[in-house]
Amino acid sequence: MAEAKVLSGAGLRGQVAGKTALCTVGKEGAGLTYRGYDVRELAEHCSFEEVAYLLLKGELPTQSQLNHYQEQLRLQRELPRALRLALEQLPASAHPMDVLRTGVSVLGTLEPEHSFTQQQDIAVRLVAILPAILCYWYQYSHFGKRINTQTDEKTLAGHFLRLMLDKKPSELHTKVMNVSLILYAEHEFNASTFTARVCASTLSDLYSCVTAAIGSLRGPLHGGANEAAMAMISKFKDPQDAVDGTLKMLANKDLIMGFGHAIYKEFDPRNEVIKAWSRRLSEDTGDETLFPISEAIAQVMWDEKKLFPNADFFHASAYNFMNIPTPLFTPIFVCSRVTGWMAHVFEQRADNRIIRPSAEYTGAEQRTVTPIAQREGVASVK
Ligand SMILES: CC(=O)SCCNC(=O)CCNC(=O)[C@H](O)C(C)(C)COP(=O)(O)OP(=O)(O)OC[C@H]1O[C@@H](n2cnc3c(N)ncnc32)[C@H](O)[C@@H]1OP(=O)(O)O
Ligand SMILES: O=C([O-])CC(=O)C(=O)O
């Protein structure tokens, strides 16, 4: 047996765990690229659908390819009846990430992937239907409404906002949601994408890969940070209160959600984009507290720890200005990142070997079993 190399450092940091043609993160001179395009350029010039197409099919679409793709997405927005009934059973107290995880899983039983030749069709279905899964449950469980999940909104951003808030979104809000979906779409071997790839490497089905990835994104150290950041920001009454409170949290050695990154060391290129849109929304709503509080926290974090806001931090205020309920923040991330996850699953399937690393054993020496009547002692694992 070949001897495995023991890696130094926890969390596999700095280890190359596979190949991808999808994305670069933190590469010198290019903060974040999707298939070679700078994410800032994509966010300025493209629709989310163009970016989804780029990730899933390999190139940006022509106008006619985009029209066709948007039409396919529009036709796939309806929920099957059995899924609607299942969503109606889930309580209002459920976490929306659990609802999405469950919804994808149920859909996988109703419209299973029998063969990998179906993967592009299922990818269209999932991108189209995720907003409906989330919003149907949300509107039913919170307000008793059985919404029609078909809207006349052409873009996914507009459609999603319309379902979420049950009213026609403004052009500005649709634009910001479009940018947000682009910024969150792909990020190389982050925890949830790696989860999806591990699942794909066993030759499992696409629904299982996405379900696993949703569970991984849910945690507050990953996608859940945008909700946690909002909870923190909303505790402060003004910028001075935010400065004092952040200093106190740092003295306590608390984690400040929405700051720091496993790969970026100086800045997260997505932050400047979403921060600019958050400022714009703040001006649009006449806000005088939330944005200045967010800026005050960011200043303290930089001065005290040289830590910078990651993609999640200014997403919190931006979503809040659009009246999006905080528990729906991380599910929006899912509706975007599902494109990156599935593109990685396709890549893994195209050149697969089961992902199965080794562990460095730190347990007891080999020993013999004592008959149960003679055993003493307490369990050592809590
Ligand atoms: C879209 C996304 O998923 S972006 C990430 C979203 N997650 C968050 O915002 C949660 C808060 N941030 C964190 O927990 C971390 O920064 C992570 C998980 C993102 C990255 O973790 P790591 O790679 O282990 O962080 P890193 O090694 O750079 O940490 C260096 C030091 O800074 C500290 N640090 C890092 N982030 C923070 C933070 N947000 N608040 C306070 N201290 C922090 C660490 O505790 C560590 O301190 P130590 O050296 O005294 O132990
Ligand atoms: O790359 C990471 O570790 C986390 C992240 O920013 C993302 O997934 O968008």
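Whatever order the structure lists ligands and atoms in, that order sets their numbers, starting from 1. For reference, positions follow the sequence shown, starting with 1.
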Polar contact flag for H222 and ligand 1 (N/O pairs, less than 3.5 Å): yes
Aromatic contact, F259 with F308 (centres under 6.0 Å): no
L221, any N or O under 3.5 Å of ligand 1 N or O: yes
Where ligand 1 meets G258 - atom numbers and elements under 4.0 angstrom, heavy-atom basis: 8 (C), 9 (O)
Protein non-hydrogen atom below 4.0 angstrom of atom 29 (O) of ligand 1 present: no
Region of L307 that comes within reach of ligand 1 [heavy atoms, distance under 4.0 Å]: side chain
For I256, atoms of ligand 1 separated by under 4.0 Å from a heavy atom: 11 (C), 38 (C), 39 (N), 40 (N), 41 (C)
Nearest-neighbour protein heavy atom for atom 4 (C) of ligand 2, which is reported as residue plus atom name and distance: H261 NE2, 3.5 Å
Q76 backbone acceptor or donor facing R125 side chain under 3.5 Å: yes
Remaining members of hydrophobic cluster (4.5 Å side-chain criterion), F189: F194, V198, I355
Nitrogen or oxygen of N310 less than 3.5 angstrom from that of ligand 1: yes
Residue K175 excluded, over 12 heavy atoms near NZ under 6.0 Å: yes
Sub-4.0 Å protein heavy atom near atom 2 (C) of ligand 1: yes
Ligand 1 contact by A228, heavy-atom criterion under 4.0 angstrom: no
Ligand-residue contact atoms, ligand 2 with N190, heavy atoms, under 4.0 Å: 1 (O), 2 (C), 3 (O), 4 (C), 8 (O)
Mode of K265 contact toward ligand 1 - side chain, backbone, both, neither (heavy atoms, under 4.0 Å): side chain
Contact partition for A225 relative to ligand 1, non-hydrogen atoms under 4.0 Å: side chain
Any N/O pair A311/ligand 1 closer than 3.5 Å: no
Ligand 1-proximal atoms of L255, by part, heavy-atom distance under 4.0 Å: both
Per-atom contact, atom 47 (O) of ligand 1, protein heavy atoms, under 4.0 angstrom: no
Numbered atoms of ligand 1 (with element) below 4.0 Å of H261, judged on heavy atoms: 4 (S), 16 (O), 19 (C), 20 (C), 28 (O)
4.0 Å protein heavy-atom contact status of atom 12 (N) of ligand 1, strictly under: yes
Within-cut-off N or O pair, D254 and ligand 1, under 3.5 Å: no
Residue portion contacting ligand 1 (non-hydrogen atoms closer than 4.0 Å) for R13: side chain
Sidechain-backbone polar pair: N310 side chain, G260 backbone, donor-acceptor under 3.5 Å: yes
Which of the ligand 1 atoms, numbered from 1, are nearer than 4.0 Å to a heavy atom of P220: 7 (N), 10 (C)
Side-chain donor/acceptor of K265 to backbone N/O of H261, under 3.5 Å: yes
For ligand 1, the portion of F333 having any non-hydrogen atom under 4.0 Å away: side chain
Residue-ligand contact R337/ligand 2, heavy atom below 4.0 Å: yes
Atom 9 (O) of ligand 1 protein-contacted, heavy-atom criterion under 4.0 angstrom: yes
Atom 1 (O) of ligand 2 [closest protein heavy-atom partner, distance rounded to 0.1 Å]: H187 ND1, 2.7 Å
Donor-acceptor side-chain pairing of E59 and Y53 below 3.5 angstrom: no
Joint hydrophobic cluster, L55 plus L60, side-chain heavy atoms closer than 4.5 Å: yes
Salt-bridge present (R349, E113; N to O < 4.0 Å): yes
Aromatic plane relationship, W137 with H142 - under 30° parallel, 30 to 60° tilted, over 60° perpendicular: perpendicular
Donor-acceptor contact present, side-chain Q89 to main-chain A86, <3.5 Å: no
For R270, atoms of ligand 2 separated by under 4.0 Å from a heavy atom: 5 (C), 6 (O), 7 (C), 9 (O)
Residue pair I274 / F314: nearest heavy atoms and the distance that separates them: CG2-CB, 4.0 Å
Distance flag for atom 17 (C) of ligand 1, protein heavy atom under 4.0 Å: no
